[in-house]
Amino acid sequence: MSTEIQIESVLTENRVFPAFPELVKDATISGMDAYQALCDEADADPDAFWARLARENLVWNKPFTQVLDASEAPFYHWYPDGELNVSANCLDRHLGTPTADKNAIIFESDDGKVSRLTYKELHARVCEFANGLTALGHGMGERAIIYMPMSVEAVIAMQACARLGIIHSVVFGGFSSKSLHERAVDVGATLVITADAQVRAGKHIPLKSAVDEALAMGGCEALRHVVVYRRTGGDVAWQEGRDLWMHEVSAGQAQTHTAAPVNAEHPLFILYTSGSTGKPKGVQHASAGFLLWALMTVKWTFDAKDSDVFWCTADVGWVTGHTYVTYGPLAAGLTQIIFEGVPTYPDAGRFWDMIERHKVTVFYTAPTAIRSLTKAAETTPAVHPREYDLSSLRILGSVGEPINPEAWVWYYKQVGGERCPVLDTWWQTETGAHMITPLPGVTPMKPGSCTLPLPGIDAAVVDEMGEDVARGTGGFLVIKRPWPGMIRTIWGDPERFKKSYFPPELKGYYLAGDGAQRDSDGYFWIMGRIDDVLNISGHRLGTMEIESALVSHEMVAEAAVVGRADATTGEAVVAFVVLNQSLPEGEEAIRIATELRNWVAKEIGPIAKPKEIRFGENLPKTRSGKIMRRLLRVVASGEAVTQDVSTLENPAILDQLSQAR
Ligand code: WTA
């Protein structure tokens with residue numbers, strides 16, 4: 001835990017936007033009283049509360065008799081003797097109901113082609129693929145890497161894995177072959193499901209070749225098959241026996257399949273995310289608890305209605321795409337949009353155009369997208385949301401990073417027409433689903449605050465000893481009681497799990513890794529990470545990961561990476577680099593900086609590319625050799641260093657780094 005944290009008041013914009021009570025006349029949570037009653041029910045008897053939700057909302061093959069087993073805390077086990085199947089809870093449960101013939105997915109490709117799939121059809125395709133995988137000998141407990149574009153096929157792949165008890169680990173298509181390799185080795189993958197290429201903004205970006213590269217790096221001896229979804233039909237290298245087309249795996253297979261019941265705690269997926277040290281952590285989620293929390297939050301936060309057209313713009317490579325594309329909306333029987341492309345192609349009106357054409361009612365996106373579309377709308381009036389009919393919208397959501405009050409107000413006014421609540425949802429890969437968020441029509445909103453915890457979530461702000469801090473005082477955001485959707489462990493590294501999330505001095509509370517404070521209304525204001533994790537366009541990246549990538553380049557002797565505020569991406573990566581040669585200048589400095597940026601893209605992925613690289617002869621260090629990142633953050637922000645630098649070994653280096661560009 002960093003003690004460097006400096007929390008200043010963020011309560012600059014304390015304007016209250018009233019809830020829209022008319023929105024919730026028939027909502028799942030129909031008002032403040034109903035919200036309070038649920039919170040009270042959970043607080044009075046958490047086990048009874050979570051048992052009731054699990055019985056009422058999930059379909060069980062074998063009912064559980066125990067709710068929470070805390071005997072191995074912080075390794076909590078939820079519903080430990082129950083059995084179910086997650087995919088059956090997303091698909092089979094709707095067969096024989098009116099939902100079966102309803103559209104599950106409306107898919108829009110990069111070039112605007114639209115296809116639709118009912119629940120019945122989606123179920124049939126998932127069954128075919130699950131049968132095909134079974135015929136290949138894949139099944140229970142194996143790990144599959146999924147490296148795919150946003151597509152119906154990605155959802156089919158994930159659902160088919162869940163049906164068979166195969167634990168999936170989705171790797172975002174923007175990650176490099178090196179990152180893919182690291183994850184495939186860590187999970188011991190027997191199966192990779194990928195595509196020939198992905199299509200974004202008219203460009204074809206190969207995926208299969210990255211898989212080939214990753215597998216050629218060695219260490220994946222358990223791997224038996226690479227299944228390839230043919231998206232573009234472009235040329236791909238082929239290894240007979242190992243490589244198979246997805247449509248051929250499914251061809252001729254039965255369209256029915258009995259989903260394998262698994263123990264409630266059977267791992268559903270492993271999703272890698274950045275931590276403060278070392279390599280990314282494989283966050284492991286369990287079947288029943290994850291699905292329950294995904295479903296409850298779709299119902300509560302998004303007030304799921306049968307008539308909704310739900311659109312979460314997140315990629316399935318991130319947790320938001322797991323919870324609010326592949327699992328939550330399907331379990332709730334919603335019609336959802338899946339979009340292959342990017343918000344700025346063919347122009348920055350694409351999102352608004354799609355909302356109009358598909359009559360989207362609930363729209364969930366990231367602040368970075370909102371900020372970049374605001375900018376575009378200001379310069380190109382034709383792509384301003386007012387040029388589109390957005391009257392179908394009833395709820396707007398924001399996810400993944402802090403939403404600044406300006407972006408919030410723009411979203412509220414220009415997109416929502418001052419008719420729709422903006423839900424600033426705070427959560428993490430580790431929490432499984434929303435934790436702190438306004439409820440539509442219920443919670444009065446303050447731009448920049450994620451407001452109040454969901455029922456059952458005992459969130460608090462505490463000091464280093466786990467004591468609650470006073471309102472208006474900053475501290476560590478913790479969750480005091482376990483909840484079903486929580487991370488179970490870090491794949492293969494239970495010690496790191498305990499150390500990262502349950503430090504002993506915090507009384508067994510879950511440590512989120514964010515700083516926060518509460519205002520006089522009890523509203524939560526998130527103030528960013530307390531560790532060395534950056535949030536670039538809503539993507540989590542560890543400074544250490546980028547530093548290791550940089551120092552693995554032969555020219556680099558030392559590197560330190562910090563974040564600086566960025567008007568569009570929230571934070572931007574700034575790297576301070578010491579080379580194994582004299583300080584480069586002019587053209588040479590530009591050339592080396594470009595080479596290093598591309599190197600990072602190759603090592604991790606383009607999202608990790610430093611926005612700025614500054615060269616110096618050294619880094620600011622204490623006499624004991626510790627790099628003073630606090631000072632580098634100030635230098636990166638372009639501000640003058642006013643802090644005490646007397647403990648620095650080499651104070652003059654600050655001037656050099658401040659001037660360097
Ligand atoms: C940040 C994404 C402020 C936070 C779902 C958290 C937020 C990290 C918000 C998790 C929000 C997420 N306001 N900050 N509403 N939502 N964050 O694991 O720092 O990719 O710890 O999960 O994003 O990122 P992750």
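Just so you know, ligand 1 is whichever comes first in the structure, and atom 1 is the first atom listed for that ligand. Along the sequence shown, residues are numbered consecutively beginning with 1.
- Sorted by chain and number, the heavy-atom contacts of ligand 1 below 4.0 Å come from Val319, Thr320, Val399, Gly400, Glu401, Pro402, Asp424, Thr425, Trp426, Trp427, Gln428, Thr429, Asp514, Ile526, Arg529, Asn535, Arg540.
- In this structure, His181 has no side chain to side chain donor-acceptor pair (under 3.5 Å) partners at least two apart in sequence or on a different chain.
- A search for salt bridge (charged side-chain N to carboxylate O under 4.0 Å, His left out) contacts involving Arg597 returns nothing, not counting sequence neighbours.
- In summary, the aromatic rings of Tyr523 and Trp426 are positioned with their centroids too far apart to meet the 6.0 Å limit.
- A side-chain donor from one of Asp308 and Thr361 sits under 3.5 Å from a side-chain acceptor of the other.
- A perpendicular orientation is assigned to the rings of Phe290 and Tyr327, their planes being inclined by more than 60° (bins at 30° and 60°).
- For Gln198, there are no side chain to side chain donor-acceptor pair (under 3.5 Å) partners, not counting sequence neighbours.
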